[in-house]
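This report refers to the structure that appears directly beneath it.
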Number of protein chains: 2
Amino acid sequence: MDRDEARDILFNFIKEKSLRYTRQREEILQTFLSAGRHITVEELYNVLRKKNTGIGYATVHRNLKLMKECGLADEMKIGSDKTRFEQAYGQRHHDHLICMKCGRIIEVNDDRIERLQDKLAEVNNFFPLKHKLEIYGSCKKCR
Amino acid sequence: MDRDEARDILFNFIKEKSLRYTRQREEILQTFLSAGRHITVEELYNVLRKKNTGIGYATVHRNLKLMKECGLADEMKIGSDKTRFEQAYGQRHHDHLICMKCGRIIEVNDDRIERLQDKLAEVNNFFPLKHKLEIYGSCKKCR
DNA sequence: TTATTATTGATAATAATAATCAATATTAGT
DNA sequence: ACTAATATTGATTATTATTATCAATAATAA
Ligand SMILES: [Mn+2]
Ligand SMILES: [Mn+2]
Ligand SMILES: [Zn+2]
Ligand SMILES: [Zn+2]
């Protein structure tokens, strides 16, 4: 994702809602964009702490939620772990293979599955809005 | 699921592990079998409370976990709701359509999707053990 | 510069789940 | 049936993730 584009999205969202563009928001956005995918609030908070930004946990939490609101982040919950956030803007939908041994998360896509899911909903008179497919097992290394 | 068969499974599991077959366990099992699918600890606890069984919340919680251990129950977590339990013995695997308006849960199955999931794992050098497919949207009534 | 008010960061509240522990109940052995 | 051993219960507390609170501060517009 383009950094400037991401900043624009956040900035415009903030202006539209009469919110304020703070040093903390800029810092959290940049750090989030640099960080690995599927990061928790705690993990992002720890990265920011090492940078001596003095940003509090609550602020990280609040602003990841804000970034979700404006479409820059997606929220995901795996099992009963902590909520994870991943970059969403410019990313196409994908599902996840989750290694139960090392925690690695592999992003995958299968159009045939996507289409069959829509059909499955249809034959059940169900109007699908979103879905979650997670396959749990062990990855190559942990086999 | 056959009641006697279910009791046998629990009973044998308990004997194998040198545990004890208590009045509470029998009561919780029977009530769980009679209750609707995808029930929470709290919901089951409330049913038991109405029956004046005097069984505590912690005991319900512990024993639903036990029933999961012996294969009589499956645990599922939808979004950030409370954990739900459903009968597992004699039930084939299925996925869920979840109405975001009324909370209705429709159980579905599609062998083609199942097979494609296995292939998807395979091409990613991933060994699948279980999976979770949930489609969120609105049901017929809530359309 | 000033007034307004959104934001922050520390902390407390909430809520789901699990752990603790003394009292009690179950079980096996006699 | 009695006893000893110990698993279980139920009330309560602890833990953990998430969210709310609030006084101090910072961002924004006039
Ligand atoms: Mn992902
Ligand atoms: Mn089900
Ligand atoms: Zn792995
Ligand atoms: Zn509905």
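Values below: every heavy atom of this structure, side chains too, minus hydrogens, waters and symmetry copies. Residue numbers begin at 1 in each chain, while the letters A, B, ... track the order of the sequences.
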Select base, sugar-phosphate, or nothing to describe what [X] touches, counting heavy atoms under 4.0 Å on all strands.
X: A/Lys77; result: sugar-phosphate
X: A/Ser80; result: nothing
X: A/Lys15; result: sugar-phosphate

Please list all pairs passing the salt bridge (charged side-chain N to carboxylate O under 4.0 Å, His left out) test where one or both residues lie in residues 119-131 of chain A, with sequence neighbours left out. none
Going by heavy atoms closer than 4.0 Å, what residues in residues 53-63 of chain B are next to DNA chain D? B/Gly54, B/Ile55, B/Gly56, B/Ala58, B/Thr59, B/Arg62, B/Asn63
[X] [atom1] to [N] [atom2]: how many Å, rounded?
X: B/Arg23; N: D/dG10; atom1: CZ; atom2: C1'; result: 11 Å
X: A/Lys65; N: D/dA17; atom1: NZ; atom2: P; result: 14 Å
X: B/Ile14; N: D/dT6; atom1: CD1; atom2: C1'; result: 15 Å
X: B/Arg49; N: D/dG10; atom1: CZ; atom2: C1'; result: 14 Å
X: B/Arg20; N: D/dT6; atom1: CZ; atom2: P; result: 9 Å

Would you mind reporting whether B/Leu116 and B/Asp118 have side-chain heavy atoms less than 4.5 Å apart? no
Which residues share a salt bridge (Lys or Arg N to Asp or Glu O under 4.0 Å) with A/Glu114, sequence neighbours left out: none
With sequence neighbours excluded, residues passing salt bridge (Lys or Arg N to Asp or Glu O under 4.0 Å) with B/Lys101: none
Test of understanding: with side chain to side chain donor-acceptor pair (under 3.5 Å), list the residues that count as partners of [X], not counting sequence neighbours.
X: A/Asp74; result: none
X: A/Arg49; result: none
X: B/Thr83; result: none

Candidate pair B/Ile105 and B/Leu97, rule side chain to side chain contact (heavy atoms under 4.5 Å, CB included), full reasoning: CA-CA 6 Å; B/Ile105 298 175; B/Leu97 311 184; over 6 Å; no
First of A/Lys82 and B/Gln24 reached from the 5' end of DNA chain D, by closest nucleotide: B/Gln24
Quick test of your reading: applying ring-ring contact (aromatic ring centres under 6.0 Å, His included), list the pairs with at least one residue in residues 100-143 of chain B, sequence neighbours left out, ordered by first then second residue. B/His93-B/His131
Each base of DNA chain D marked ( ) or [ ] if paired in-strand (Watson-Crick or G-U under 3.5 Å), | if paired to another strand and . if unpaired gives ||||||||||||||||||||||||||||||
Using the test side-chain contact (heavy atoms from CB on, under 4.5 Å), find all partners of B/Leu19 that sit at least two apart in sequence or belong to another chain. B/Ile14, B/Lys17, B/Arg25, B/Leu66
For B/Tyr21, check ring pair (Phe, Tyr, Trp, His ring centres under 6.0 Å) against everything at least two apart and list the hits. B/Phe11
Extract, from 5' to 3' on DNA chain C, the first and final nucleotides lying under 4.0 angstrom from some heavy atom of chain B. C/dA16 to C/dT27
